[in-house]
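Contents: one structure, followed by commentary.
Bear in mind the structure is a predicted one, so any value in this text is a computation, not a measurement.
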Amino acid sequence: LFPHPGLKASPSQPIEGGPWTLTCETQLAFQRSHVQLQFCFFRDGRTLGSGCSSSPELQIPTMWREDSGFYWCKAEAATPRITKMSRVSRMLVQRIPVSDVNLEIQPPGGQLIEGENLVLICSVAAGTGNITFSWHKEGISLGRKTQHSLLAELRVPAVQKRDTGRYYCAADNNHVPILSKRITVTVRSLVSQPVLTLRAPRAQAVVGDVVELHCEALRGSPPILYQFYHEDVTLGNSSAPSGGGASFNLSLTAEHSGNYSCEADNGLGAQRSHGVSLHVLVPVSHPVLTFRIPRVQAVVGDVVELHCEALRGSPPILYQFYHEDVILGNILAPSGGGASFNLSLTAEHSGNYSCDANNGLGAQRSEVVALSITGNSRRRIVLMTTGVTGGLLLILVFAATWLYRIKSQKKPGRLPATGTPSYSPSEYQETSEFGPSSIDAQEPPYSEQLVHLELQPVYSNVNPEERNLIYSQIRSIPNTNGISANSQRTPRNRKEPVVIYSELKKAHPEDSAGPASRRGSDHEDITENYENVSWAPAASEH
């Protein structure tokens, strides 16, 4: 019916990883060409494919090394039932070694940020069979995979800074392992929030000090650029090529008080520090002392205000006030500015005054200011009051004396109780502005006549030999009120009129230089005491 079939392979030598076709060849007799044949293929006694079929071919898309073995086929006729086998053939699948192993990383460039995923892709340009891929970092194995593929990948999730290093992969299909080139992977970390510290030469910064602003991020891949701010205004920047912190030096002025901060940036995102407050103390300047008095010229009894103020200086400021370098008192200005000290003046308060200001950074003394006290306002008032009162009293005494002299002219026989007159009639007539007058013999008593008299004083100043005394001479000149001037009266006795002196004592010896100097001097602070005395001078002293 048909001869024994033959097994034919194409290609004759299968290559691992490639397709392979088997053909079972036989020929029916011409006269039996209508008979249907079934073909079956076997490897190592196992049926290949889906079993027997009418097709004499079997196509294997991919051959692997493990597909090597003994192959044969058979042809079978259904009617009559005839089965014939081919010869057994040994087939060895040829494996192609791997070549051109390559490592690729994602993301490209090998620059990663902490927390990102790293993907390592290992591939080969050629190679058959199961290929074993392995990945390595600095000689340490990271993982391996075996598969029928020309490439494989390894995922490293959430890389950390410790994952920085040199990576490579290897491929092997039961031959010599082939290594890829090494690729450097850099894992960079974001900078952490930096910490700003102020390094001053003393516990409290003072104008003129050099303060160091040190900014440091404890984490972050270098290089790191640091920027320094004062009230959000950039002061300057400093770079840390190898990481760590950086410093910025600042020479302090009074304007440098306020809030400071810094910023760290390594190209992956900037981070700002918390604010740090700096208070710069300002030493006090030389204070200025001024007097505030109620009048142009200070006098005893005035209350003078001593005001001391330093235009510059950090509070609190303690002010001390001095009179001739003796401390008068001190005042604290808790919020700065000036301070005042009130002083009730006495005569001893004339002299030089000064003040100093101190805020703990060194005291400063003001310029000396002189204060002159020329008088006592209270004594002025007393003297003025005394002078007015004394003047009024003198006027009353003048008037009384004048009235008394009138009575003496009318009654020459009666003398005043204060003494005996000593002036001559000629002097009396000399001093009388009204001339001689007649006195009625029937004149009423002296006490009754006072009712009808008007006081008309006539007075003058005399100075006896005692130069510290001045006497005010007062004469009483009679004048009739209601009596006719032409009435003829005969005086009973031609005696001198009564003279009363007001004794004025000068308390200061320097005023005894003479009448001219006493009249020219006008000292407001001279104390005057006066009293009335009776005096009968000799005739030669008239």
Side-chain angles (χ1 to χ4, degrees), residues 105-118 137-140 142 156-167 182-283 313-315 359-362:
I105 61 175
Q106 294 290 343
Q111 299 291 324
L112 290 92
I113 299 175
E114 277 187 325
E116 292 184 338
N117 295 328
L118 172 64
K137 174 200 168 195
E138 308 289 353
I140 301 173
L142 301 176
V156 182
V159 295
Q160 300 297 318
K161 193 173 182 180
R162 62 177 178 270
D163 295 323
T164 297
R166 301 180 70 190
Y167 288 76
R182 286 169 170 79
I183 295 179
T184 299
V185 174
T186 302
V187 180
R188 303 187 64 195
S189 59
L190 293 170
V191 292
S192 60
Q193 187 177 36
V195 177
L196 177 65
T197 55
L198 304 180
R199 299 171 179 174
R202 66 190 84 195
Q204 182 63 57
V206 180
V207 169
D209 286 349
V210 176
V211 65
E212 177 187 353
L213 283 69
H214 184 78
C215 187
E216 184 172 2
L218 299 180
R219 290 187 301 105
S221 299
I224 302 176
L225 179 65
Y226 293 96
Q227 285 191 313
F228 298 86
Y229 299 90
H230 174 225
E231 303 293 355
D232 293 328
V233 177
T234 302
L235 295 173
N237 57 69
S238 182
S239 179
S242 302
S247 297
F248 181 84
N249 292 331
L250 184 65
S251 181
L252 297 179
T253 65
E255 292 74 22
H256 283 138
S257 291
N259 293 319
Y260 289 80
S261 61
C262 68
E263 185 178 81
D265 188 5
N266 64 349
L268 304 177
Q271 293 288 336
R272 179 71 71 94
S273 72
H274 291 299
V276 178
S277 178
L278 176 65
H279 181 62
V280 181
L281 291 181
V282 180
S314 298
N359 64 350
L361 303 177

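Among residues two or more places apart in sequence or in another chain, the salt bridge (Lys or Arg N to Asp or Glu O under 4.0 Å) test is passed with Glu231 by none. In this structure Glu263 satisfies the salt bridge (Lys or Arg N to Asp or Glu O under 4.0 Å) test together with Arg272, sequence neighbours excluded. In this structure, Arg162 has no salt bridge (Lys or Arg N to Asp or Glu O under 4.0 Å) partners at least two apart in sequence or on a different chain. Partners of Asp265 according to the side-chain contact (heavy atoms from CB on, under 4.5 Å) rule, which considers only residues two or more places apart in sequence or in another chain, are Ala270. By the ring-ring contact (aromatic ring centres under 6.0 Å, His included) test, His230 is found to be paired with Tyr260, residues two or more places apart in sequence or in another chain being considered.
Annotation: the span from Leu198 atom CG to Leu213 atom CG amounts to 5.0 Å, rounded to 0.5 Å. Once rounded to the nearest 0.5 Å, the distance linking CG of Asn237 with OH of Tyr226 reads 12.5 Å. Put simply, CZ on Arg202 and CG on Leu361 are 7.5 Å apart, with the number rounded to the nearest 0.5 Å. For the atom pair CD (Gln227) and OG (Ser238), the distance works out to 11.0 Å, reported to the nearest 0.5 Å. Atom CZ of residue Phe228 and atom OG1 of residue Thr234 lie 11.5 Å apart, to the nearest 0.5 angstrom. Atoms OG1 and CD, from Thr184 and Gln111 in turn, are 9.5 Å apart once rounded to the nearest 0.5 Å.
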(request) Using the side-chain contact (heavy atoms from CB on, under 4.5 Å) rule, take Leu190 and Glu114 through it: C-alpha gap first, then chi angles, then the decisive distance, then the call. (result) CA-CA 7 Å; Leu190 293 170; Glu114 277 187 325; over 6 Å; no

(request) Would you check, one step at a time, whether the test side-chain contact (heavy atoms from CB on, under 4.5 Å) holds for Thr253 with Val280? (result) CA-CA 7 Å; Thr253 65; Val280 181; over 6 Å; no

(request) Please report the C-alpha distance between His274 and Gln193 in whole Å, then the side-chain angles of each, then the deciding distance to 0.1 Å, and finally whether the side-chain contact (heavy atoms from CB on, under 4.5 Å) criterion is met. (result) CA-CA 8 Å; His274 291 299; Gln193 187 177 36; 3.6 Å; yes

(message) Could you go through His279 and Gln204, starting from their C-alpha distance and side-chain angles, then the distance that decides it, and tell me whether this counts as side-chain contact (heavy atoms from CB on, under 4.5 Å)?
(response) CA-CA 8 Å; His279 181 62; Gln204 182 63 57; 4.1 Å; yes

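Closest heavy-atom contact between Leu196 and Ser273: CB-OG, 3.9 Å. In plain terms, the two heavy atoms of Pro241 and Pro222 that are nearest each other are O-CB, 3.3 Å.
Side-chain contact between Tyr167 and Leu118 is present, with heavy atoms from C-beta onward closer than 4.5 Å. Residues Val207 and Leu252 form no side-chain contact, since every pair of their non-hydrogen atoms from C-beta on lies 4.5 Å or further apart.
Judged purely by atom type and a 3.5 angstrom limit, Ser239 has no side-chain atom pairing as donor or acceptor with the backbone of Leu225. Judged purely by atom type and a 3.5 angstrom limit, Asp209 has no side-chain atom pairing as donor or acceptor with the backbone of Val211. Judged by distance alone, with hydrogens and angles left aside, the side-chain atoms of Arg188 form no donor-acceptor pair with the main-chain N or O of Gly220 at under 3.5 Å. At distances below 3.5 Å, at least one donor-acceptor pair connects side-chain atoms of Ser192 with backbone N or O atoms of Leu218. Checked by atom type and distance alone, the side chain of Ser221 pairs as donor or acceptor with a backbone atom of Ser189 at under 3.5 Å.
For the disulfide bond (SG atoms under 2.5 Å apart) condition, the pairs that include at least one residue of residues 198-246, sequence neighbours left out, are Cys215-Cys262.
Of the options Val185, Val156, Ile105, Asn117, a side-chain contact (heavy atoms from CB on, under 4.5 Å) to Leu112 is made by Val185 and by none of the others. Each of Glu216, His214, Gln271 was scored for a side-chain contact (heavy atoms from CB on, under 4.5 Å) with Pro194, with one residue passing: Gln271.
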